[in-house]
Amino acid sequence: MIRGILRFGTRSILLQLAVVVAIGLIASYAVVSAPHSPQIESKEGRLDLTQVHIVEHPLKLQGEWAFYWQELLSPEDIRSRIDGGDEPKRYIDIPSSWLGYPLDGQQLSSEGFATYRLVIQLSERDRQERLALRLPTIFHAYTLWVNGERLAEVGRVGADKRDTIPQLATKLVFFQPAGGTVELVMQVANFHHNRGGITKPIELGDSNALTVKTHLNVAADMFITASLLVIGLYHLLLFALRRKDKAPLYFGLLTTLIGIRSLLVGELMLTQWLPHFSWELQFKIEYLILCISGYIMSKYFDCIFPNYLSRWFRLGSRIATVALCLIVLLTPALIYSQLLLTIGVVVVLHMTYLMVGLVHAAVRHKEGALIFLLMSVVALVTVINDFLYYNGWSPIGNTSPTGLLVFTIAQMILLSSRFTRAATNEERIARELQEANTKLKDMNTNLERLVMERTHALSAVHEDLRTSYEQLLHSEQGRKKLLAYITHDLRMPLSSMLGYVEAVQDNVKPERNEQYLQYIQDNTIRINRMIEELSFLSHLETGQIAYRMEPVHVVQFLRGFFEQYELVVRDAGLDFRLNLGMAEDQRPDSPVVWMDAQRLEQALFNLVSNAMKFTSAGGIVRLALALDETQEPPYAIMSVQDSGIGIPPEQLEQIFDRNYRYERSGMDQKIEGSGLGLAICREIVLAHGGTVRAESDGRTGAIFHISIPCKVEHSLNTQL
């Protein structure tokens with residue numbers, strides 16, 4: 001019973017879709033093909049326009065033209081025959097293909113050549129005006145004479161395939177009637193396509209009116225093409241930036257391909273820009289786009305509404321698309337152009353099946369399903385009309401680019417709504433995270449539980465470090481050193497922190513619990529900073545830091561460093577001074593050093609920071625530069641001097657060791673540090689080919705010297 005209901009529902013849906021498509025086509029025909037004036041057709045190769053003013057209303061030339069099959073006649077040849085009493089005997093309706101035209105008891109094939117002739121009688125008014133002919137694409141090579149004058153030639157007309165060169169192009173030709181009669185003679189040849197002859201109407205009218213109409217058509221085609229290409233490339237770029245969602249990929253491919261196809265139909269913009277573009281390649285591109293458009297659309301639909309396409313449809317769609325594409329690629333246009341109706345059926349079946357899925361999605365209130373369905377109906381109507389038009393069964397011209405542009409804009413809105421929804425979800429998640437953070441802050445009121453959680457976290461960190469040490473024991477040298485540094489330098493602060501935690505847990509001195517927590521926080525910050533410095537130091541020692549060496553004027557470097565950190569030092573209550581000595585007066589030969597300015601600035605800042613740490617408020621930190629020319633090459637010596645507590649002379653050789661800790665009786669216990677700054681400074685200076693040393697008498701401050709080889713500026717320029 002349920003299956004019967006489903007079958008009935010599907011039949012109802014298909015019936016409704018068929019009705020909608022039929023109504024859309026009928027409405028389109030009624031609007032587009034509604035005549036603005038009485039229909040005027042030629043009879044037996046003559047068209048009487050004496051009562052019509054084509055200057056006011058351009059006219060499509062329809063009706064019977066004289067038809068000379070398998071003959072390429074010039075206007076002179078035809079006139080000679082008529083003068084000899086040989087009047088035309090065959091006539092063919094235009095526009096139409098000569099394929100299937102009955103001749104001598106047989107029907108003509110698409111291959112061949114012929115001459116067309118039409119004589120037009122003009123009104124008195126039109127004889128004085130400058131007229132124009134708007135020529136559509138004619139299959140597939142032609143030459144046009146107006147009153148015996150050759151005015152247009154597209155491709156090359158020949159009596160066989162070897163002498164014929166096919167080409168598609170629209171033309172606008174102008175002429176001045178010599179009298180009341182206009183004779184049109186056109187030679188047409190086709191050996192490359194399934195259709196031959198004049199299959200689209202030729203327009204006759206005022207030159208200005210047809211020029212404006214042509215320009216409007218070109219502008220409309222350019223607008224549609226540009227819009228499709230921009231939308232398509234934009235969504236392809238979106239996919240390139242975020243490859244997780246494939247919907248923009250298939251939508252971008254579909255829109256870009258439709259935009260490319262719009263260059264090959266209508267006013268044939270591609271042929272106008274590239275007149276010598278390969279005719280065969282042009283047709284293959286157009287047919288390949290038609291073959292794969294249905295498959296790409298189904299892939300896009302599957303991304304937007306997953307699980308709606310059945311497995312057999314995916315398989316059948318893939319097989320049909322591959323088969324049609326191979327036929328187009330491997331056969332000439334004369335063969336694959338016969339499959340135009342088949343290709344149209346495949347594309348329409350794709351769209352119809354997708355629309356059935358859209359109906360189901362709309363019934364389930366899926367987001368975007370309704371607008372997808374409505375725009376698909378519009379696109380389907382225009383696509384069906386195009387296939388009917390190119391098979392000669394519809395009077396309406398090329399409409400699919402416009403319909404697909406409407407469809408594309410709707411899909412762009414749909415994709416934009418998806419991105420907007422994703423952004424809204426991100427904002428909601430951020431808001432929820434902020435609320436969770438607020439709740440975490442409220443949890444601070446329960447100190448005992450919070451301390452226990454932190455204790456467990458620190459214990460887990462400690463165990464993770466030990467586990468990492470065991471796992472990385474056999475790794476590269478840099479990791480070995482880093483783990484060794486961490487286990488050596490972090491044990492004491494961690495033990496201290498555990499002691500504070502136990503004191504809080506045991507409630508040894510409740511009145512000092514807040515102070516103990518502050519100790520834990522300070523030690524945690526110190527441990528984090530120490531880990532960063534240890535990691536950086538291990539990278540320095542194992543050569544994993546890349547240096548960007550470049551020539552730098554030391555004077556400018558020191559002056560910039562001084563200006564950058566002057567306020568920092570002075571805010572610490574110290575006097576910061578810069579002494580460039582003789583170097584500042586030797587500007588033509590100012591010392592130049594190959595250095596990584598960022599790394600060397602870090603080393604210099606470590607020395608200044610060290611000086612600030614061990615100098616009391618009111619003291620002096622002096623930055624100086626000297627040039628040692630007794631060595632070859634000369635050395636630039638940058639010095640950092642402080643008026644602090646000094647360094648015992650016996651410890652001067654040890655202060656650059658990473659395990660060194662400066663402990664001195666009477667020293668302020670608030671002075672803390674990881675002891676790694678000087679070790680990092682030494683590694684950076686060594687990487688520059690220099691040395692670093694310290695001087696101190698142990699009472700009146702210390703001086704640190706950084707010596708780096710340099711070159712004089714003019715010699716450097718000579719080498720460069």
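Values reported hereafter were calculated over all heavy atoms of this structure, with side chains retained and with hydrogens, waters and symmetry mates removed. In this text, all values refer to a predicted model and were calculated from it rather than measured experimentally. Residue numbers run from 1 in the order of the sequence given.
How far CE of Met595 is from CD of Glu601: 10.5 Å, rounded to the nearest 0.5 Å. Note that CZ of Phe656 and CD1 of Ile680 are 13.0 Å apart. Values are rounded to the nearest 0.5 Å. Thr700 contributes atom OG1, which lies 12.0 Å from atom CD1 of Ile645 (distance to the nearest 0.5 angstrom). To the nearest 0.5 Å, atom CD1 of residue Ile258 and atom OG of residue Ser293 are 7.0 Å apart. Taken from NE2 in His553 to CG in Leu558, the straight-line distance is 13.0 Å, to the nearest 0.5 Å. To the nearest 0.5 Å, the span separating CD1 on Ile706 from CD1 on Ile637 amounts to 11.0 Å.
Formation of a donor-acceptor pair under 3.5 Å by the Thr255 side chain with backbone atoms of Gly232 is not found in this model. For the pair Ser298 (side chain) and Tyr295 (backbone), a donor-acceptor distance under 3.5 Å is present. Listed for the Ser609 side chain is no donor-acceptor partner under 3.5 Å among the backbone atoms of Phe605. Within the 3.5 Å criterion, the main-chain N or O of Lys613 finds no donor-acceptor partner in the side chain of Asn610.
When side chains are defined from C-beta on, Phe557 does not count as touching Phe562, because their heavy atoms never get closer than 4.5 Å. At least one side-chain heavy atom of Trp594 sits under 4.5 Å from a side-chain heavy atom of Pro551. Taking the side chain as every heavy atom from C-beta outward, Ile620 and Arg577 approach each other to under 4.5 Å. Counting heavy atoms from C-beta on, the side chains of Leu652 and Ser696 come closer than 4.5 Å. Contact check for Lys246 versus Lys299: no side-chain heavy atoms found under the 4.5 Å cut-off. By the 4.5 Å heavy-atom criterion applied to side chains, Ile708 and Met638 are counted as neighbours. At a threshold of 4.5 Å between non-hydrogen side-chain atoms, the residues Leu623 and Val640 count as touching. With contacts defined as side-chain heavy-atom distances shorter than 4.5 Å, the pair Leu678/Asn606 does not qualify.
Applying the 6.0 Å contact sphere to CE of Met549 captures more than 12 heavy atoms from other residues, nucleotides or ligands.
Taking every heavy atom of both residues into account, Phe239 and Arg243 meet most closely at O-CG, 3.1 Å. Of all heavy-atom pairs spanning Pro591 and Leu627, the tightest one is CB-CD1, 4.1 Å. Met612 approaches Ala572 most closely through the heavy-atom pair CE-CB, 3.7 Å. Smallest separation of non-hydrogen atoms from Ala636 and Cys710: N-SG, 3.7 Å. Pro634 and Glu629 get closest at one heavy-atom pair: CB-CA, 4.1 Å. Contact detail for Leu574 and Thr615: the closest heavy-atom pair is CD2-CG2, 3.8 Å.
Qualifying salt bridge (Lys or Arg N to Asp or Glu O under 4.0 Å) partners for Glu653, counting only residues two or more places apart in sequence or in other chains: none. Under the salt bridge (Lys or Arg N to Asp or Glu O under 4.0 Å) criterion, Arg570 pairs with Glu566, Asp575, sequence neighbours left out. The side-chain hydrogen bond (donor to acceptor under 3.5 Å, both in side chains) search around Ser707 returns none, not counting sequence neighbours. With sequence neighbours left out, the salt bridge (Lys or Arg N to Asp or Glu O under 4.0 Å) criterion links Asp628 to no other residue.
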Could you pull out all donor-acceptor pairs under 3.5 Å where a side-chain atom in residues 685-694 meets a protein atom, sequence neighbours excluded?
{"from": "His688", "atom 1": "ND1", "to": "Ile684", "atom 2": "O", "distance (Å)": "2.8"}
{"from": "His688", "atom 1": "NE2", "to": "Asp596", "atom 2": "N", "distance (Å)": "3.0"}
{"from": "Arg693", "atom 1": "NH1", "to": "Glu695", "atom 2": "OE2", "distance (Å)": "2.5"}

**Prompt:** Does the pair Phe576 and Tyr565 meet the rule for a ring-ring contact (aromatic ring centres under 6.0 Å, His included), with working shown?
**Reply:** CA-CA 9 Å; Phe576 195 27; Tyr565 293 103; 8.3 Å; no

**Request:** Apply side chain to side chain contact (heavy atoms under 4.5 Å, CB included) to the pair Leu625 and Val555, showing each step before the final yes or no.
**Result:** CA-CA 8 Å; Leu625 173 65; Val555 173; 3.8 Å; yes

**Request:** Evaluate the side chain to side chain contact (heavy atoms under 4.5 Å, CB included) criterion for residues Leu257 and Leu288: first the C-alpha distance (whole Å), next the side-chain angles of each, then the deciding distance (0.1 Å), finally the verdict.
**Result:** CA-CA 10 Å; Leu257 291 176; Leu288 285 174; over 6 Å; no

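Judged as a side chain to side chain donor-acceptor pair (under 3.5 Å), the pairs with a partner in residues 640-649 (not counting sequence neighbours) are, in order, Arg622-Gln641.
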